[in-house]
Visitor: 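I am attaching a structure below and will ask some questions about it afterwards.
Whatever order the structure lists them in is the order used to number ligands and atoms, beginning at 1.
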Amino acid sequence: MKKQVVILGGGVGGTLVANLLAKKLKANEADIIVIDRTGDHVYQPGFLYVPFGWEEPANLARPEESLLYPRVKLIRDTVAVVDVKSRRVATEKHGEIPYDFLVLATGSHVHPEEVPGLAEASHHFYTAKAAMELRAALEKFKGGRVVVGVAGVPYKCPPAPLEFAFMFDWVLRQKGIRQKTELHYISPLPRVFPIESVATVTAPMLEERGYHIHTFFNVESVDPGKKELVSLEGETIPFDLLVLVPPHKGADVVTRSALAESGGWVPTDRHTLKVEGPDGIYAIGDATNLPISKSGAAAHFEGEIVAGNIVQELRGEKPSHQYNGHVMCFLESGNNRATILNFDYEHPPKPPAPSVLWHMGKLVMNKSYWYMVPKGRLPG
Ligand SMILES: Cc1cc2nc3c(=O)[nH]c(=O)nc-3n(C[C@H](O)[C@H](O)[C@H](O)COP(=O)(O)OP(=O)(O)OC[C@H]3O[C@@H](n4cnc5c(N)ncnc54)[C@H](O)[C@@H]3O)c2cc1C
């Protein structure tokens with residue numbers, strides 16, 4: 001009998017799985033449905049360039065329909081809850097939709113309100129709106145004390161705050177106001193990057209650029225009036241401009257459906273990518289609790305595993321595809337240079353010296369993304 005595969009979320013992971021399933025499954029084997037609350041697919045890595053005026057939010061979103069193969073049905077709606085017993089998802093406008101297989105691809109989301117004062121006092125570049133507000137603040141900035149960093153772990157794209165820090169220093173030098181600016185970098189971890197081999201390379205890069213580094217700095221609160229940042233560890237840093245990655249959580253729907261652990265992350269088998277507990281549910285991308293970078297790159301490498309295992313299960317076979325934790329992403333270091341982080345569960349990254357080559361690689365990825373990644377044309 002024809003089965004129904006429902007994919008919750010039309011971002012990187014959801015779109016890719018839908019298209020891979022469309023390629024692998026015959027039309028009489030399954031209907032494939034993507035449910036997304038916006039119906040737009042957003043290329044979030046481009047937000048990094050928006051504050052500097054090098055990219056526009058309008059270029060970073062495309063209608064989800066334009067990226068899906070014709071046999072995939074898109075429902076533009078918000079899923080309120082998943083009922084694993086009846087194998088149905090309840091939508092706000094389209095009623096209940098049954099599934100044989102469900103893919104949770106609901107991403108991760110910023111929650112500045114988690115830290116008192118953060119939303120009022122701090123900028124970030126993790127949404128289009130916030131990135132444009134930061135652009136306006138940078139245009140007005142004439143010098144002072146700037147604090148860049150991270151206000152909570154885990155957060156998506158671990159390199160992004162470092163990339164911003166490196167590029168910001170470079171921009172200040174170009175504008176001739178670097179001498180009038182004191183730069184600080186804060187991290188809640190004992191180092192500047194979650195993975196030690198990357199922190200070992202990037203901490204000296206921050207120091208070379210004149211950043212004061214504060215590790216073990218867990219942001220407790222921000223005082224918008226006094227313009228002070230206070231840590232749980234008892235440190236206070238005054239600032240003129242604050243750029244912090246806000247705390248992240250998983251999507252509300254997975255928490256509401258009792259499918260998530262603390263923080264809203266879905267307990268997921270690190271190899272099969274099956275959700276632990278209920279039958280017929282897989283998770284991909286930022287939604288999972290996997291011990292790897294929340295990144296489009298991880299979602300990309302997970303796509304073949306999730307699609308391959310669903311195809312096998314649907315055909316009555318034992319799922320045999322195994323994710324090895326592979327992630328590959330670029331890290332911009334300013335001055336038109338970047339390095340690359342290529343790693344998996346067993347092999348930590350060994351970033352090469354930043355070069356123009358890797359920067360060009362990132363620019364090529366930014367442009368070719370739309371034709372390659374969601375369509376399943378970039379080998380996983
Ligand atoms: C500034 C920045 C820079 C980045 N740079 C990089 C980079 O260089 N390299 C890299 O690999 N990654 C990067 N990332 C991270 C990358 O964008 C994410 O990891 C990736 O988008 C995750 O894919 P996903 O499919 O898990 O979730 P998303 O792409 O976020 O998609 C989730 C989808 O779920 C939908 N959704 C959520 N809840 C519901 C609901 N209840 N009902 C219906 N739909 C719902 C949303 O509408 C959304 O479309 C960056 C991110 C940011 C913010």
Side-chain angles (χ1 to χ4, degrees), residues 6-18 33-51 55 57 60-62 64 67 74-82 89-94 97 103-110 124-128 130-131 134 154-164 243 245-246 248-257 259 264-266 268 283-288 290 292-303 306 326-332 338 340-341 358 361-363 365-366 369 373-374 378:
V6 172
I7 294 144
L8 219 175
V12 182
T15 309
L16 173 60
V17 168
I33 299 173
V34 171
I35 310 175
D36 191 89
R37 63 182 171 199
T38 65
D40 279 334
H41 186 107
V42 180
Y43 182 64
Q44 299 171 40
F47 292 159
L48 173 66
Y49 305 95
V50 171
E55 187 51 279
L60 302 173
R62 293 195 183 179
E64 174 70 358
L67 301 169
L74 173 68
I75 297 178
R76 201 175 285 107
D77 203 344
T78 298
V79 174
V81 73
V82 177
V89 300
T91 63
E92 284 182 356
K93 292 180 286 196
H94 293 78
I97 298 171
V103 180
L104 301 175
T106 42
S108 60
H109 307 275
V110 292
H124 68 87
F125 53 93
Y126 269 53
T127 63
L134 177 54
Y155 60 96
K156 61 186 140 190
C157 193
L162 282 174
E163 294 181 286
F164 178 85
V243 185
V245 177
H248 281 52
K249 287 188 194 174
D252 293 345
V253 60
V254 287
T255 302
R256 210 179 294 122
S257 311
L259 284 165
W265 314 119
V266 179
T268 307
I284 187 166
D286 292 3
T288 73
L290 296 183
I292 44 147
S293 301
K294 293 195 181 299
S295 60
H300 162 67
F301 288 112
E302 290 163 357
V306 171
H326 192 188
V327 178
M328 189 169 76
C329 51
F330 300 98
L331 191 158
E332 296 270 27
I340 186 165
L341 314 182
W358 297 122
K362 180 142 185 171
L363 296 189
M365 171 52 80
N366 290 342
Y369 171 82
V373 177
L378 189 67

Visitor: Counting non-hydrogen protein atoms only, what is the nearest one to atom 41 (N) of ligand 1? Give residue, atom name and distance.
Guide: Val79 O, 3.0 Å
Visitor: Please report the closest heavy-atom contact between Phe47 and Thr127, naming both atoms and the distance.
Guide: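 Between these two residues, the closest heavy atoms are CE1-CA, 3.8 Å.
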Visitor: Considering all heavy atoms of both residues, which atom of Ile35 and which atom of Asp77 are nearest to each other, and what is their separation?
Guide: CG2-O, 3.5 Å
Visitor: Just to check, does Asp77 reach to within less than 4.0 Å of ligand 1 when the distance is taken from its heavy atoms?
Guide: yes
Visitor: Quick one: sort the Tyr369 and His41 rings into parallel, tilted or perpendicular, breaks at 30° and 60°.
Guide: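 Ring orientation, 0 to 90° scale: tilted.
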Visitor: Tell me if a side-chain donor or acceptor on Arg256 pairs with a main-chain N or O of Ala80 at a distance below 3.5 Å.
Guide: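 Yes, Arg256 side chain to Ala80 backbone: donor-acceptor pair under 3.5 Å.
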Visitor: Considering the heavy atoms of Lys294, write down every atom of ligand 1 situated less than 4.0 Å from one of them.
Guide: 19 (O)
Visitor: Just to be sure I read this right, does ligand 1 sit under 4.0 Å from the backbone of Val253, its side chain, both, or neither, counting only heavy atoms?
Guide: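 Under 4.0 Å from ligand 1, Val253 contributes side-chain atoms alone.
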Visitor: When you measure from atom 14 (N) of ligand 1 to every protein heavy atom, which one gives the shortest distance, and what is it?
Guide: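 Here the nearest protein heavy atom works out to Cys157 CB, 3.4 Å.
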Visitor: For ligand 1, which is the ligand I care about here, please tell me if Val12 has any N or O atom under 3.5 Å from one of the ligand's N or O atoms.
Guide: yes
Visitor: Just to confirm my output: which protein heavy-atom neighbour is closest to atom 44 (N) of ligand 1, and how far is it?
Guide: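 Going atom by atom, the protein heavy atom closest to atom 44 (N) of ligand 1 ends up being Arg37 N, 3.1 Å.
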Visitor: Using a 4.0 Å heavy-atom threshold (strictly under), name the region of His41 that reaches ligand 1: side chain, backbone, both or neither.
Guide: neither
Visitor: Which bit of Val42 gets closer than 4.0 Å to ligand 1, counting heavy atoms only: side chain, backbone, both or neither?
Guide: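 None of Val42 does.
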Visitor: Looking at every non-hydrogen atom in both residues, tell me the closest pair between Leu48 and Lys362 and how far apart they are.
Guide: CD2-NZ, 4.2 Å
Visitor: Shortest non-hydrogen contact from His248 to Val110?
Guide: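 Between these two residues, the closest heavy atoms are CE1-CG1, 3.5 Å.
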Visitor: Between Thr268 (side chain only) and Val266 (backbone N and O only), is there a donor and an acceptor less than 3.5 Å apart?
Guide: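 Indeed, once roles are kept as given, a pair shorter than 3.5 Å links the two residues.
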Visitor: Any sub-3.5 Å donor-acceptor pair from Ser295's side-chain atoms to Cys157's backbone N or O?
Guide: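 No, Ser295 side chain to Cys157 backbone: no donor-acceptor pair under 3.5 Å.
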Visitor: Just jot down the ligand 1 atoms closer than 4.0 angstrom to any heavy atom of Lys362, in number order.
Guide: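 Result: 8 (O).
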Visitor: So which heavy atom in the protein is nearest atom 30 (O) of ligand 1, and how far is it from that ligand atom?
Guide: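 Result for atom 30 (O) of ligand 1: Gln44 NE2, 3.0 Å.
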Visitor: Any N or O on Phe125 sitting closer than 3.5 Å to an N or O of ligand 1?
Guide: no
Visitor: Taking Tyr155 for the side chain and Ala160 for the main chain, is one N or O donor matched with an acceptor at less than 3.5 Å?
Guide: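 Side chain of Tyr155 to backbone of Ala160: no pair is present.
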Visitor: Run the numbers for me: atoms of ligand 1, each under 4.0 Å from some heavy atom of Gly285, listed by number.
Guide: 26 (O)
Visitor: How close does the nearest protein non-hydrogen atom get to atom 27 (O) of ligand 1, and which residue and atom is it?
Guide: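 Going atom by atom, the protein heavy atom closest to atom 27 (O) of ligand 1 ends up being Gly107 CA, 3.4 Å.
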Visitor: So does Asp286 get a backbone contact from the side chain of Lys294, meaning a donor-acceptor N/O pair under 3.5 Å?
Guide: yes
Visitor: Check whether any side-chain N or O of Glu163 sits under 3.5 Å from a backbone N or O of Glu332 as a donor-acceptor pair, and report yes or no.
Guide: yes
Visitor: Between Thr288 and Gly285, is there a donor-acceptor pair closer than 3.5 Å when you use the side chain of the first and the backbone of the second?
Guide: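 Present.
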Visitor: Under 3.5 Å between some N or O of ligand 1 and some N or O of Asp36?
Guide: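 Yes, there is a polar N/O contact under 3.5 Å.
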Visitor: Can you tell me which residue and heavy atom of the protein come closest to atom 25 (O) of ligand 1, and the distance to 0.1 Å?
Guide: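 Protein heavy atom at minimum distance: Gly13 N, 2.8 Å.
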Visitor: Below 4.0 Å from ligand 1: does a non-hydrogen atom of Glu64 turn up there or not?
Guide: no
Visitor: Has ligand 1 got any nitrogen or oxygen that is less than 3.5 angstrom from a nitrogen or oxygen of Lys156?
Guide: no
Visitor: Nearest to atom 11 (O) of ligand 1, what protein heavy atom do you find, and at what distance?
Guide: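 Atom 11 (O) of ligand 1 sits closest to the protein heavy atom Ala297 N, 2.8 Å.
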Visitor: Does an N or O anywhere in Tyr126 fall below 3.5 Å from an N or O of ligand 1?
Guide: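 Between Tyr126 and ligand 1 (N or O atoms, distance only) the closest approach is not under 3.5 Å.
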Visitor: Side chain or backbone, does Gly296 bring an N or O within less than 3.5 Å of an N or O on ligand 1?
Guide: yes
Visitor: Which atom pair, heavy atoms only, marks the closest approach of Gly264 to Val254?
Guide: O-CG2, 3.5 Å
Visitor: Using a 4.0 Å cutoff against the non-hydrogen atoms of Gly9, which atoms of ligand 1 qualify?
Guide: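 Taking each heavy atom of Gly9 in turn, ligand 1 has 33 (C), 34 (O), 35 (C) under 4.0 Å.
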Visitor: Tell me which one of Pro45, Ala105, Pro158 gets a heavy atom nearest to atom 32 (C) of ligand 1.
Guide: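 Selected option, by shortest heavy-atom distance: Ala105.
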Visitor: Among all the protein's non-hydrogen atoms, which is closest to atom 31 (O) of ligand 1, and how far away is it?
Guide: Gly11 CA, 3.3 Å
